[in-house]
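Letters go in sequence order (proteins before strands), and every chain restarts at 1.
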Number of protein chains: 2
Amino acid sequence: MRYYQIEDLKEFASRYFTRWGVSEEDAEITADVLVSADARGVDSHGLTRLQNYYGSRLESGLTNPRAALTTLKETPTTLSLDAHNGLGHPAGVKAMRMCIEKARNAGLAMATVRNSNHYGIAGYYAMMPLSEGMIGISLTNSAPLVAPTHGRKAMLGTNPIAVAVPAGGARPYVLDMATSIVPIGRITVYQKEGRSIPAGWGINSEGDVTEDPSRVVEGGALMPLGGPELLRGYKGYGLALLVDIFAGVLAGAGFGERVLGPAVSGAANTGHFFAALRIDAFRDPADFAADMNTLLGALRDSPKAAGEERIYIHGEKEFEKADRALVEGVALSEVAVKSLIQAGKQAGIPFDLVPLRID
Amino acid sequence: MRYYQIEDLKEFASRYFTRWGVSEEDAEITADVLVSADARGVDSHGLTRLQNYYGSRLESGLTNPRAALTTLKETPTTLSLDAHNGLGHPAGVKAMRMCIEKARNAGLAMATVRNSNHYGIAGYYAMMPLSEGMIGISLTNSAPLVAPTHGRKAMLGTNPIAVAVPAGGARPYVLDMATSIVPIGRITVYQKEGRSIPAGWGINSEGDVTEDPSRVVEGGALMPLGGPELLRGYKGYGLALLVDIFAGVLAGAGFGERVLGPAVSGAANTGHFFAALRIDAFRDPADFAADMNTLLGALRDSPKAAGEERIYIHGEKEFEKADRALVEGVALSEVAVKSLIQAGKQAGIPFDLVPLRID
């Protein structure tokens with residue numbers, strides 16, 4: 001691994017995006033979301049995607065670098081927005097900012113975005129209201145990879161659910177979960193390593209559970225959270241569908257097979273959903289924070305299963321990694337660094353950052 | 001099975017509740033929620049619980065039959081309510097009615113309820129806004145039965161998530177799912193039948209997955225949706241915790257181990273969370289309905305796995321059962337009928353309904 005300073009990586013990524021005609025503001029936002037993913041240890045959603053998810057689409061005109069986010073419909077509590085096929089990250093950040101502003105006045109607010117693109121980690125947006133003492137929710141749909149229960153064709157995205165809840169001065173609860181068991185990237189890692197995958201992660205083109213990652217990737221599908229019917233995979237299917245209803249249908253965006261993946265030619269028409277809630281609309285925030293800490297503390301301190309030493313709260317591992325990244329730098333793998341060198345070459349912006357250390 | 005007319009069952013249950021001092025209005029609401037569960041095929045949450053979940057607690061004074069739902073805090077979009085240890089069903093119905101009323105004006109509304117009791121099927125309340133063309137959400141916490149990932153002690157309830165979304169004239173999407181893989185009642189059924197349970201449903205007191213239902217019931221715990229870590233059970237744990245945060249902590253109700261089960265002496269202090277959203281705050285409801293039908297239709301029509309004939313939308317099975325119950329009557333098992341006879345004896349209200357048919 002090579003460790004780089006966060007600010008250096010952000011600056012590089014930001015320059016990369018402006019190179020493709022993205023405004024300074026939008027480039028900085030997008031760089032911040034991507035580098036935050038790496039810093040939090042969610043490297044699958046970080047800088048490795050710079051070229052193949054974003055740069056190559058900007059270069060070929062599949063994503064509009066100069067799209068403005070416009071308002072289609074507005075009430076004191078709701079916003080229906082159109083990203084006009086711009087980058088998903090600035091659309092998401094601006095939509096959540098507007099949502100927070102409305103929630104400040106109305107107690108609650110929700111915003112949808114249509115005609116957007118892949119916006120990176122859902123949790124980034126859910127965490128934005130935390131600094132205001134608000135709860136944040138962020139949902140997005142994505143290109144089909146998950147088969148419905150009893151089905152054999154990928155019809156729904158891995159459609160994540162992210163919810164962040166403040167806990168006073170203590171670390172917040174941050175759930176950020178795909179509604180599939182694993183992302184497709186996890187399957188391809190096993191495929192590259194020639195390993196079989198655990199039964200339950202995916203199905204083959206006949207709809208049967210398979211331990212061969214190639215059968216999942218080639219004509220198969222991911223299984224929704226829960227896996228087979230015996231373990232209630234239809235609940236995970238229900239959650240994936242729920243996200244598509246809120247982020248896709250309610251937004252007037254694409255949904256189901258109408259959402260296109262980054263490698264597909266054509267507008268992705270991804271949809272997002274955001275919500276912000278003021279705690280003090282319901283109860284005294286100090287009492288809320290005290291109860292949050294009691295609940296989270298009770299979970300952490302509860303008896304461990306044999307061989308386990310720690311019970312985690314959602315988001316905890318990522319906060320610890322982000323704290324470490326501030327001191328030690330953001331860890332990038334050999335593969336990630338190679339992809340940045342390649343992206344830099346393509347854009348004419350050499351990736352020549354000096355790592356803080358290598359191990 | 002014995003089949004009874006819906007209205008007959010509701011009248012019996014309503015008389016049963018008034019016998020314990022519950023008002024006519026509240027008794028009718030509670031009867032309607034319970035019989036609706038049986039009609040929809042969710043018999044685990046129906047009339048079989050009349051005595052052991054509700055009647056015996058009213059009789060012994062553990063639940064207050066005459067509690068009024070009061071407002072602790074109110075804004076144009078939010079309500080914080082106190083059920084004063086009354087039945088959960090009327091508290092839930094009244095809270096959702098108030099939520100719908102606020103959403104009619106504000107586009108969105110949310111309500112929390114503290115000091116409540118078990119409210120039956122979460123989906124009943126989520127479906128209330130459907131007739132107004134709104135989306136409904138209903139969450140409740142419950143007594144601890146689920147262990148956190150890496151834990152071995154039940155710390156969270158089976159905390160269900162229910163969301164209902166209108167689809168124009170077509171059947172709505174109604175997700176109503178416990179965040180555990182199965183409810184505890186499923187484990188005890190296997191225990192009574194002397195069968196082993198599928199690996200993944202529950203753990204023993206050491207925190208290891210067990211196929212012995214007795215080990216789950218006696219000192220073990222249910223597993224959250226997803227099951228073991230390999231299949232990402234920490235996501236189900238995260239959802240169970242999310243529900244406890246919204247329905248418990250945000251409501252100022254009990255949470256975690258502070259929520260007491262129906263068999264435990266003391267106020268349950270269950271908490272609920274409700275939300276209602278106007279579709280037309282975001283987009284034209286006709287367009288929304290058209291897209292809903294396209295999405296749900298595409299899922300239904302997508303290729304089936306080997307050996308499967310049908311892909312279901314969430315709520316579909318229950319709607320079909322409810323339609324059949326309207327014509328054929330509500331099917332009650334021998335065990336359920338016996339429990340009603342027993343409940344009737346206890347209350348001095350004989351259960352003497354004549355079944356429409358027996359099979």
Highest number of heavy-atom pairs under 4.5 Å with chain A among B:Ser302, B:Gly307, B:Gly151 belongs to B:Gly151
Honestly, the part of B:Thr71 sitting under 4.5 Å from a heavy atom of chain A is neither
Residue A:Asp280 versus chain B: region with a heavy atom under 4.5 Å:
backbone
Would the distance check show the side chain of A:Lys304 and the main-chain N or O of B:Gly207 forming a donor-acceptor pair, the cut-off being under 3.5 Å?
no
Taking all atoms of both residues into account, what is the closest heavy-atom pair of A:Leu230 and B:Pro198, and its distance?
CD2-CB, 3.7 Å
Closest non-hydrogen atom pair between A:Tyr237 and B:Ile311, with its separation:
OH-CG2, 3.8 Å
Is chain B contacted by the side chain of A:Ala199, its backbone, both, or neither, given a heavy-atom distance below 4.5 Å?
backbone
Ranked by heavy-atom pairs below 4.5 Å to chain A, first place among B:Asp284, B:Leu72, B:Leu242, B:Thr149 goes to B:Leu242
Which one, A:Gly252, A:Ala251, A:Gly200, leads in non-hydrogen pairs under 4.5 Å with chain B?
A:Gly252
Against chain B, label A:Arg114 side chain, backbone, both or neither, depending on which of its atoms sit under 4.5 Å from a heavy atom there.
side chain
Under 4.5 Å to a heavy atom of chain B? For A:Ile203 that would be neither
Out of B:Thr75, B:Ile313, B:Ile181, return the one with the most heavy atom pairs under 4.5 angstrom to chain A.
B:Ile181
Using a cut-off of under 4.5 Å on heavy-atom pairs, state which of B:Ala178, B:Pro76, B:Ala111, B:Ala147 scores highest against chain A.
B:Ala178
Under 3.5 Å: donor-acceptor pair, side chain of A:Arg283, backbone of B:Lys73
no
Which heavy atom of A:Leu231 sits nearest to which heavy atom of B:Leu225, and what is that distance?
O-CD1, 4.0 Å
Could you have a look at A:Glu257, A:Lys153, A:Arg232 and say which one has the most heavy-atom pairs with chain B under 4.5 angstrom?
A:Arg232
Determine, step by step, whether B:Val249 and A:Tyr173 satisfy the side-chain contact (heavy atoms from CB on, under 4.5 Å) criterion, reporting the C-alpha distance in whole Å, the side-chain angles of both residues, the deciding distance to 0.1 Å, and the verdict.
CA-CA 13 Å; B:Val249 178; A:Tyr173 159 95; over 6 Å; no
Grab the two heavy atoms, one from B:Ser80 and one from A:Phe282, that are nearest each other, plus how far apart they are.
OG-O, 3.2 Å
Excluding sequence neighbours, so at least two apart, what forms side-chain hydrogen bond (donor to acceptor under 3.5 Å, both in side chains) with A:Thr179?
none
Can you tell which of A:Glu206, A:Met177, A:Arg258 has the highest number of heavy-atom pairs within less than 4.5 Å of chain B?
A:Met177
Using only atom types and a distance under 3.5 Å, with no angle test, would you say the side chain of B:Tyr312 pairs donor to acceptor with the backbone of A:His150?
no
Any idea which heavy atoms bring B:Phe288 and A:Ile245 closest together, and the distance?
CZ-CG2, 4.3 Å
Quick one: list whatever passes ring pair (Phe, Tyr, Trp, His ring centres under 6.0 Å) with B:Tyr234, sequence neighbours left out.
none
Distance-only donor-acceptor pairs under 3.5 Å for side chains of residues 103-110 of chain B, two or more places apart:
from	atom 1	to	atom 2	distance (Å)
B:Arg104	NE	B:Glu132	OE1	3.4
B:Arg104	NH1	B:Glu101	OE1	2.3
B:Arg104	NH2	B:Glu132	OE1	2.9
B:Arg104	NH2	B:Glu132	OE2	3.2
B:Asn105	ND2	B:Glu101	O	3.4

Neighbour count above 12 (heavy atom, 6.0 Å) for B:Arg186 CZ:
no
B:Ala281 backbone acceptor or donor facing A:Thr78 side chain under 3.5 Å:
yes
Heavy-atom pairs under 4.5 Å with chain B - which of A:Leu299, A:Leu250, A:Leu277 has more of them than the others?
A:Leu250
Part of A:Asp208 within contact of chain B (heavy atom distance under 4.5 Å)
side chain
Against chain A, residues from residues 291-298 of chain B with at least one heavy atom under 4.5 Å, in numeric order, are B:Asp291, B:Met292, B:Thr294, B:Leu295, B:Leu296, B:Ala298
Chi angles and distances behind the side-chain contact (heavy atoms from CB on, under 4.5 Å) call for A:Leu175, B:Leu241:
CA-CA 10 Å; A:Leu175 183 72; B:Leu241 177 50; over 6 Å; no
